[in-house]
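All remarks here apply to the structure that follows.
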2 protein chains.
Amino acid sequence: MDTVKRAAGKSTRNTYECHPGCSVEAALSLIDGKWKGVILYLLMERQVLRFNEFQKALPDITQRVLTAQLRSLETDGLIERTVYPVVPPKVEYRLTELGASLAPVISALSAWGNEKKFLWPKGFKRDSHLQQAG
Amino acid sequence: MDTVKRAAGKSTRNTYECHPGCSVEAALSLIDGKWKGVILYLLMERQVLRFNEFQKALPDITQRVLTAQLRSLETDGLIERTVYPVVPPKVEYRLTELGASLAPVISALSAWGNEKKFLWPKGFKRDSHLQQAG
DNA sequence: CAGAATCCTACGAGATACTG
DNA sequence: CAGTATCTCGTAGGATTCTG
């Protein structure tokens, strides 16, 4: 293979003092942030995305933040980043096995979010400017 | 009834620009923060808790933060705060119907967190100084 | 007991410009 | 294309002190 993969490094998450329900906190800490849940959701739906496909799907995220979120997910071992050494650059993101194992969590979130749509905050319009690649 | 209840006010969450998976984001936005998930988890396990019971269960949370998280959850309509006009003060927190409906999400988080315990960050010791009331 | 008030810091997150 | 490099800002979260 001519691709370059980085293994998951040290987690950004540490210094936990454990308490009842800390498993909830541990799991939640991996998908917090404004975009991580959505990034995982997209990867679960579409298997593999490139950097600019994320940007198209998430028109309101900046490059810097997208990069940071992807790095964080990669560091935590939830997604895998594959760099194809071609020009122009080509980078693909996909779920790791661990990331894929979060599917029940993400789908529970999605299901709940959809079910309770009626009580979303005012500005929340359902899937307007939804951008699909292709 | 001699109790005082506050209804949910305006949500702290707004200004969403919708995108694919925004239902995930919407749901996640309600349980983000370092402690909200755990607070909900505790309420699901024990039905009703008082302020200091939260403090006992979560030895590392400060009063200020605990108050803020509870307020936020209350504002978002997930928990209900009942003040008994007695001295010394007595305040009880319990899930609203909406909050209870998050059970699948929380239990998915908990299940995942437990299942993947083996890869938790270093400092993460399972349920040491676990404090149960009673 | 259940907080309110005050102060402080780190970091998530956004805007903008530049690049191999 | 897929990022870095800076700069900036708001706010989540923490420490401490005080109170009805």
Side-chain angles (χ1 to χ4, degrees), chain A residues 3-6 12-17 19 25 28-39 48-76 79-94 133, chain B residues 3-6 12-17 19 25 28-39 48-76 79-94 133:
Chain A
T3 63
V4 176
K5 294 182 185 180
R6 280 186 294 171
T12 46
R13 312 293 163 185
N14 41 21
T15 63
Y16 281 97
E17 305 290 318
H19 45 257
E25 189 192 336
L28 205 47
S29 74
L30 298 176
I31 59 172
D32 71 357
K34 192 171 173 182
W35 303 101
K36 284 188 196 173
V38 186
I39 289 172
V48 49
L49 285 95
R50 298 179 59 176
F51 191 85
N52 70 49
E53 295 180 310
F54 280 114
Q55 292 194 89
K56 283 181 214 154
L58 308 172
D60 297 322
I61 198 172
T62 62
Q63 286 179 331
R64 184 195 177 288
V65 171
L66 177 55
T67 302
Q69 304 281 290
L70 289 170
R71 286 289 182 284
S72 178
L73 289 168
E74 186 195 359
T75 297
D76 286 333
I79 68 173
E80 183 180 68
R81 179 175 177 270
T82 308
V83 180
Y84 296 86
V86 297
V87 43
K90 177 177 174 180
V91 178
E92 287 181 347
Y93 294 90
R94 69 197 74 213
Chain B
T3 63
V4 176
K5 294 183 185 179
R6 282 185 292 172
T12 46
R13 312 295 162 182
N14 41 21
T15 62
Y16 281 98
E17 306 288 320
H19 44 256
E25 189 191 334
L28 206 46
S29 74
L30 298 176
I31 59 173
D32 71 358
K34 191 171 173 182
W35 303 101
K36 285 189 195 171
V38 185
I39 289 172
V48 49
L49 285 94
R50 298 180 58 176
F51 191 85
N52 69 47
E53 293 179 313
F54 280 114
Q55 291 193 88
K56 281 182 217 155
L58 308 171
D60 296 323
I61 197 171
T62 62
Q63 288 178 332
R64 186 194 176 287
V65 171
L66 177 56
T67 302
Q69 305 279 289
L70 290 169
R71 286 289 182 285
S72 178
L73 288 168
E74 186 194 0
T75 298
D76 287 333
I79 68 174
E80 184 180 68
R81 178 175 177 270
T82 309
V83 180
Y84 295 88
V86 296
V87 43
K90 176 177 174 180
V91 178
E92 287 180 347
Y93 294 89
R94 67 197 76 211

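So you know, we letter chains A, B, ... as the sequences are listed, proteins then strands, and number each from 1. As the structure is a prediction and not an experimental result, all values here were calculated from the model. Values below: every heavy atom of this structure, side chains too, minus hydrogens, waters and symmetry copies.
Atoms CD1 and CD1, from A:Ile39 and A:Ile31 in turn, are 12.0 Å apart once rounded to the nearest 0.5 Å. For the atom pair A:Arg64 CZ and A:Leu66 CG, the distance stands at 12.0 Å (nearest 0.5 Å).
Between B:Leu66 atom CG and C:dC1 atom C1' the separation is 13 Å, expressed in whole Å. Residue A:Tyr84 contributes atom OH, which lies 12 Å from atom P of D:dA2 at whole-angstrom precision. In this entry the distance linking CG of A:Asp32 with P of D:dA12 reads 13 Å, nearest Å. C:dA13 atom P lies 10 Å from atom CD1 of A:Ile39, rounded to whole Å. The interatomic distance linking A:Asp60 (CG) with C:dA13 (C1') rounds to 13 Å, in whole Å. Per the geometry, CD belonging to B:Glu53 stands 8 Å off P belonging to C:dA2, to the nearest Å. Note: CG (A:Leu28) to C1' (C:dG12) measures 15 Å, nearest angstrom. One interatomic measurement links the two molecules: CZ of A:Phe54 to C1' of D:dC1, which rounds to 15 Å at whole-angstrom precision.
Of the residues near DNA chain D, A:Gln55 and B:Thr62, the one whose nearest nucleotide (by heavy atom distance) lies more toward the 5' end is A:Gln55. Both A:Pro88 and A:Val65 lie near DNA chain C, and the one whose nearest nucleotide falls closer to the 5' end is A:Val65. Of the two residues near DNA chain D, A:Glu92 and B:Pro89, the one whose nearest nucleotide lies more 5' is A:Glu92.
For B:Tyr93 and C:dC1, the shortest distance from a side-chain N or O to OP1 or OP2 is not below 4.0 Å. The shortest distance between the side-chain N/O atoms of A:Lys36 and the OP1/OP2 oxygens of C:dG12 is not below 4.0 Å. Distances shown here put every side-chain N or O of B:Arg71 at or beyond 4.0 Å from the OP1 or OP2 atom of C:dA2.
Out of D:dG20, C:dG3, C:dG20, the shortest distance to the side chain of B:Phe51 is found at C:dG3. Checked against C:dA17, C:dA13, D:dG14, the side chain of A:Lys34 finds its nearest nucleotide in C:dA13.
Looking at B:Ser72, its side chain never comes within 3.5 Å of a backbone N or O of B:Ala68 through a donor-acceptor pair.
Residue contacts shown for B:Gln69 are limited to sugar-phosphate atoms, with no base heavy atom under 4.0 Å away.
A 4.5 Å side-chain heavy-atom check between B:Val91 and B:Phe51 finds every atom pair outside the cut-off. With contacts defined as side-chain heavy-atom distances shorter than 4.5 Å, the pair A:Asn52/A:Gln55 qualifies.
At a cut-off of 3.5 angstrom, the base of D:dT6 holds at least one donor-acceptor pair with the side chain of A:Arg64.
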